[in-house]
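Read the structure below first, then the notes.
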Amino acid sequence: MQASIRSEPHPPLPWAAQCLALAERGELDEALRAARQAFEDGLRDGTLWQRLDLFAYLAGKRGRLGDAALAFGCSDAEFSRRGAVRPPNEQHAYDVTLSALREAMPAYFVSALLTEGAALSVEDAARLALDS
């Protein structure tokens with residue numbers, strides 16, 4: 001795997017990695033449980049913003065495309081504000097889900113949701129993406 005360049009450390013995220021792997025296999029209930037653990041870890045250690053793409057990916061897999069777009073909007077704003085670059089796995093999750101959003105919704109609607117999401121707090125965006 002090619003290393004990515006980023007402006008701050010991106011620590012290992014075992015629950016988040018488990019969430020991604022489970023979501024890719026279609027094991028969505030298990031992925032949601034792992035995501036909720038990743039959420040709690042992220043709240044504790046200040047890395048919640050780094051997990052938003054995975055939460056949005058899971059929301060998209062669960063058919064919650066609007067919530068996925070809102071979480072991506074927040075994530076985009078955080079990555080931009082911090083001058084950070086998405087790691088490859090998260091970039092893939094972002095690309096796949098954004099493509100699904102653009103297929104399912106008019107471009108202006110996707111754009112509006114991304115803009116609205118940029119105004120959300122990281123915690124609110126994550127909660128939306130993980131809401132049952």
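Computed from a predicted structure; not experimentally measured.
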Within one Ile-Leu-Val-Met-Phe-Trp-Tyr cluster: F79 and L120, side-chain cutoff 4.5 Å: no
From CA spacing to verdict: side chain to side chain contact (heavy atoms under 4.5 Å, CB included), T47, D41: CA-CA 8 Å; T47 61; D41 288 350; 6.0 Å; no
For residues 20-30, please give each side-chain donor-acceptor pair under 3.5 Å, one per line with the distance, not counting sequence neighbours.
from: R25; atom 1: NE; to: E27; atom 2: OE2; distance (Å): 3.0

Within residues 91-112 or reaching into it, pairs that qualify as side-chain hydrogen bond (donor to acceptor under 3.5 Å, both in side chains) - sequence neighbours excluded: D76-Y94, Q91-D95
Closest non-hydrogen atom pair, R51 against A16: CG-CB, 4.4 Å
Check against side chain to side chain contact (heavy atoms under 4.5 Å, CB included), L52 and F72: CA-CA 7 Å; L52 279 176; F72 278 145; over 6 Å; no
Q37 CD to E40 CD distance, which is reported to the nearest 0.5 Å: 7.0 Å
Separation of R62 CZ from L130 CG (nearest 0.5 Å): 7.5 Å
Between CG on residue N89 and OH on residue Y57, distance to nearest 0.5 Å: 10.0 Å
Distance, nearest 0.5 Å, that separates CD of E78 from CG of D53: 11.0 Å
Atom of L58, atom of A35 and distance for their closest heavy-atom approach: CD2-CB, 3.8 Å
Which atom of A69 lies closest to which atom of L113, heavy atoms considered: CB-CB, 3.6 Å
Stepwise side chain to side chain contact (heavy atoms under 4.5 Å, CB included) test for D131 and D67: CA-CA 9 Å; D131 190 26; D67 292 335; 5.5 Å; no
Linked, directly or transitively: V122 and L43 (ILVMFWY side chains, under 4.5 Å): yes
Shortest non-hydrogen contact from A84 toward W49: CB-CH2, 3.8 Å
Closest approach of S75 to R86 (non-hydrogen atoms, all atoms of both residues): OG-NH2, 3.2 Å
Evaluation steps, side chain to side chain contact (heavy atoms under 4.5 Å, CB included), between L48 and F55: CA-CA 10 Å; L48 188 60; F55 299 159; 3.7 Å; yes
Minimum-distance pair of heavy atoms, taken over all atoms of L65 and A100: CD1-O, 4.5 Å
Pair listing, side-chain hydrogen bond (donor to acceptor under 3.5 Å, both in side chains) test, anchored in residues 117-126, at least two apart: S121-D124, E123-R127
